[in-house]
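For reference, the structure discussed in these notes is given below.
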Protein chains: 2
Amino acid sequence: MTTLTEENYIKAIYHLGKHGTENVSTNAIAQEMDTKASSVTDMVKKLAEKDLVNYKKYQGVSLTQTGVLTAVNIVRKHRLWEVFLVNKLNFSWDEVHDVAEQLEHIKSPKLIDELDAFLDFPTHDPHGDPIPDKDGHFSKLDKVKLSKVAVNTTCTCVGVDDSSSDFLKYLDKHNIALGSKIKVMATEPFDESITILINGVHLSVSKHVSNNLFVRAN
Amino acid sequence: MTTLTEENYIKAIYHLGKHGTENVSTNAIAQEMDTKASSVTDMVKKLAEKDLVNYKKYQGVSLTQTGVLTAVNIVRKHRLWEVFLVNKLNFSWDEVHDVAEQLEHIKSPKLIDELDAFLDFPTHDPHGDPIPDKDGHFSKLDKVKLSKVAVNTTCTCVGVDDSSSDFLKYLDKHNIALGSKIKVMATEPFDESITILINGVHLSVSKHVSNNLFVRAN
DNA sequence: AATAATTTTTAGATAACTCTAAAAATTATT
DNA sequence: AATAATTTTTAGAGTTATCTAAAAATTATT
């Protein structure tokens with residue numbers, strides 16, 4: 001059994017080291033977790049004894065296979081709860097994080113499987129990040145910035161990078177929401193704005209918008 | 001802010017001492033929490049310093065006003081989560097407790113208010129126990145055993161006392177579920193069985209059944 | 001009312017996680 | 001390659017919550 005603290009360390013190592021595969025430095029973890037390097041060393045030793053991380057003095061840490069599995073499971077829980085909060089409880093995209101950080105540590109396999117089914121097996125969270133399935137596999141389709149989508153392609157809005165309330169208000173105003181279908185009609189090399197078709201309406205959006213809106217191919 | 005452990009102690013005192021008003025002995029708390037009396041003394045001192053309990057050496061503890069409020073809030077969260085698990089995630093009445101024990105400690109006022117609304121402001125949990133509202137007020141209507149209901153009265157099934165799978169299967173078989181309307185038709189003094197009307201069907205149920213089924217007047 | 005039994009508290013220790021300050025190792029600079 | 005700067009680890013200590021064993025207070029029994 002992993003404690004709450006252990007889980008948070010594993011999560012940090014997972015996120016800092018490209019899914020836990022790369023070596024992560026003690027200081028990087030300390031910064032991410034808002035703690036001291038000496039505390040990290042202590043905990044990393046403990047995690048190494050539990051076979052959750054690979055650790056050699058002064059060489060940094062990476063996750064073992066078990067460690068990755070643990071991390072992916074936490075990510076799965078975190079993202080499913082985010083979907084629940086946004087889709088069912090009227091949370092906005094930028095309100096969910098703190099609560100999901102708490103909910104992700106609830107231990108009950110049945111709970112998370114039933115939640116998954118209740119939410120209709122979502123593949124991505126409200127920020128457009130993929131939700132791993134029960135076996136830890138991620139959907140192949142990755143989110144991309146709208147600005148990278150080729151002309152004449154249709155895609156689905158799956159998240160934002162800039163989550164400032166100004167930006168979210170702008171999206172609201174133009175009926176751009178999670179799940180909206182967007183077709184890229186034309187690009188304007190001059191100012192890098194693009195014209196999109198959304199809800200049957202043509203709309204010109206600036207470079208800032210297309211760079212901060214995540215979409216997924218269909 | 002209360003820690004998880006503090007919250008569990010407060011909950012125990014609340015349940016043992018008739019909503020925290022009566023004095024509770026150190027040993028009783030120790031037994032309830034599966035810990036040692038000396039640990040209880042230590043924690044109770046800490047809670048007293050935080051003004052959550054009234055404590056005089058060798059005299060037992062009761063909850064202060066703040067303590068009761070804290071306890072009621074935890075009860076509210078616990079019971080709302082139970083409703084969620086049963087009504088939305090296909091948990092059975094007897095599977096919910098352990099998970100709800102974890103979920104009740106999640107800290108987010110918005111979460112619990114939205115959950116309340118999402119569940120349509122339930123007044124009772126799957127065991128028939130009342131859910132306090134935001135201000136800590138309980139519904140006046142209390143659950144009673146079916147055996148206490150007067151002939152010719154209609155009531156609603158709100159919970160069970162015996163939650164053995166045999167009993168739950170029996171209820172299932174006769175279409176007795178949470179929310180079922182039950183009218184008491186006749187009582188049989190001879191073996192204390194009673195005849196009820198449920199889903200338009202007359203059914204004779206034994207003393208055991210009527211003593212382990214909780215209902216509420218309409 | 002004195003003694004026995006029980007309950008509760010205190011004292012001292014342990015485990016998990018954290019910290020500060022100093023030492024050791026690594027990396028960067030000249 | 002030697003020295004400086006940085007990073008990482010160790011050593012020792014604090015906090016929270018727990019425990020065992022012994023002391024103190026309360027309650028029950030004779």
Side-chain angles (χ1 to χ4, degrees), chain A residues 1-17 20 22-63 66-67 70-71 74 101-102 104-107, chain B residues 1-17 20 22-63 67 70-71 74 101-102 104-105 107:
Chain A
M1 250 310 118
T2 45
T3 69
L4 188 144
T5 317
E6 287 169 359
E7 289 188 358
N8 283 331
Y9 272 95
I10 289 170
K11 231 177 52 175
I13 297 166
Y14 180 81
H15 284 127
L16 290 169
E22 281 179 13
N23 261 40
V24 177
S25 80
T26 305
N27 260 2
I29 299 171
Q31 194 168 4
E32 171 88 3
M33 304 218 30
D34 202 24
T35 184
K36 296 296 148 85
S38 55
S39 306
V40 175
T41 303
D42 282 354
M43 179 54 79
V44 156
K45 279 181 184 170
K46 195 185 157 197
L47 292 174
E49 257 177 32
K50 285 196 171 190
D51 241 318
L52 291 162
V53 301
N54 306 113
Y55 170 60
K56 261 185 232 160
K57 273 191 190 183
Y58 296 99
Q59 321 278 255
V61 278
S62 62
L63 294 179
T66 320
T70 306
I74 299 168
E101 291 257 287
Q102 295 179 61
E104 72 191 4
H105 299 291
I106 303 288
K107 284 177 175 63
Chain B
M1 248 314 112
T2 44
T3 69
L4 188 143
T5 317
E6 287 169 1
E7 289 189 355
N8 283 332
Y9 272 95
I10 289 170
K11 231 178 50 176
I13 297 166
Y14 180 81
H15 284 128
L16 290 168
E22 281 179 10
N23 261 40
V24 177
S25 78
T26 304
N27 259 0
I29 299 171
Q31 195 168 5
E32 171 88 3
M33 304 218 29
D34 201 24
T35 183
K36 294 296 149 82
S38 56
S39 307
V40 174
T41 302
D42 283 353
M43 180 54 78
V44 156
K45 280 181 184 169
K46 194 184 158 197
L47 293 174
E49 258 177 32
K50 286 196 172 191
D51 241 317
L52 290 162
V53 302
N54 306 114
Y55 170 61
K56 261 185 231 160
K57 272 192 193 181
Y58 296 100
Q59 319 277 254
V61 277
S62 62
L63 294 179
T70 306
I74 299 169
E101 292 257 287
Q102 296 179 63
E104 72 190 4
H105 300 290
K107 284 175 175 65

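Order of the sequence lines fixes the chain letters, A, B, ..., with proteins taken first and strands second; residue numbering starts at 1 for each chain.
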Exercise. Does dA11(C) pair with anything, Watson-Crick or G-U wobble, both distances under 3.5 Å, and if so, with which nucleotide?
Worked result: dT20(D)
Exercise. Given atom CD of Glu49(B) and atom P of dT15(D), what is their separation to the nearest angstrom?
Worked result: 13 Å
Exercise. For dT18(C), which nucleotide is its Watson-Crick or G-U wobble mate, given both distances must be under 3.5 Å?
Worked result: dA13(D)
For this session: Go through dT20(D), dT26(C), dT8(C) for me and flag the one nearest to the Tyr58(A) side chain.
Result: dT26(C)
Problem set entry | Options dC19(D), dT9(C), dC19(C), nucleotide nearest the side-chain atoms of Thr41(B) | dT9(C)
Exercise. Is there a Watson-Crick or G-U wobble partner for dT26(C) with both distances under 3.5 Å, and which nucleotide is it?
Worked result: dA5(D)
Exercise. To the nearest angstrom, how far is Met33(A) atom CE from dC19(C) atom C1'?
Worked result: 15 Å
Exercise. More than 12 heavy atoms of other residues, nucleotides or ligands under 6.0 Å from CD of Glu101(A): is that the case?
Worked result: yes
For this session: Calculate the interatomic distance between Ile29(B) atom CD1 and dT7(C) atom C1'; express it in whole Å.
Result: 13 Å
Problem set entry | Given dT9(C), dT9(D), dC19(C), the nucleotide with the shortest approach to the side chain of Ala37(A) | dT9(D)
Exercise. Okay, side chain of Lys45(A), backbone of Tyr55(A): is any donor-acceptor separation there less than 3.5 Å?
Worked result: no
For this session: Verify the contact: side-chain N or O of Lys45(B) to OP1 or OP2 of dT10(C), cut-off strictly under 4.0 Å; return yes or no.
Result: yes
For this session: Find the distance Asp42(B):CG to dT9(C):P and express it as a whole number of Å.
Result: 10 Å
Exercise. Just how far is it from atom CE of Met1(B) to atom CD of Glu6(B), taken to the nearest 0.5 Å?
Worked result: 10.5 Å
Exercise. Taking only side-chain nitrogens and oxygens of Tyr55(A), does any of them come within less than 4.0 Å of OP1 or OP2 of dT9(D)?
Worked result: yes
Problem set entry | Non-hydrogen atoms of Ile13(B) and Val24(B) that approach each other most closely | O-CG2, 3.9 Å
Exercise. For DNA chain C, whose closest nucleotide is more 5', that of Thr26(B) or that of Asp34(A)?
Worked result: Thr26(B)
Exercise. NZ of Lys56(A) versus C1' of dT8(D): gap in Å, rounded?
Worked result: 16 Å
For this session: May I ask you to say what Ser39(B) touches in the nucleic acid, namely base, sugar-phosphate or nothing, with a heavy-atom cut-off under 4.0 Å?
Result: base
Exercise. Taking C-beta and beyond as the side chain, do Val61(A) and Ile29(A) meet within less than 4.5 Å on heavy atoms?
Worked result: yes
Problem set entry | d(CE, Met43(A); P, dT10(D)) in whole Å | 16 Å
Exercise. So, the side chain of Asn23(B) versus the backbone of Gln59(B): is there a donor-acceptor pair under 3.5 Å, distance only?
Worked result: yes
For this session: Look at Lys57(B) and dA25(D) and indicate whether a side-chain polar atom (N or O) is within less than 4.0 Å of OP1 or OP2.
Result: no
Problem set entry | side-chain N/O Asn27(B) vs dT6(C) OP1/OP2, d < 4.0 Å | no
Exercise. Are OP1 or OP2 of dA11(C) and a side-chain N or O of Ser38(B) less than 4.0 angstrom apart?
Worked result: no
Problem set entry | Any Thr35(A) side-chain N or O less than 4.0 Å from OP1/OP2 of dC19(C) | yes
For this session: Applying side chain to side chain contact (heavy atoms under 4.5 Å, CB included) between Tyr9(A) and each of Leu52(A), Thr3(A), Thr2(A), Thr35(A), report the one that passes.
Result: Thr35(A)
Exercise. Please give, in whole Å, the distance from dT18(C) C1' to Leu4(A) CG?
Worked result: 15 Å
For this session: Side-chain contact test, heavy atoms from C-beta onward, threshold under 4.5 Å: evaluate it for Met43(A) versus Ile10(A) and give yes or no.
Result: no
Problem set entry | Interface with DNA chain C, restricted to residues 5-16 of chain A and to heavy atoms under 4.0 Å | Thr5(A), Tyr9(A)
Exercise. Gln59(A) has an atom CD; how far is it from atom C1' of dT9(D), in whole Å?
Worked result: 13 Å
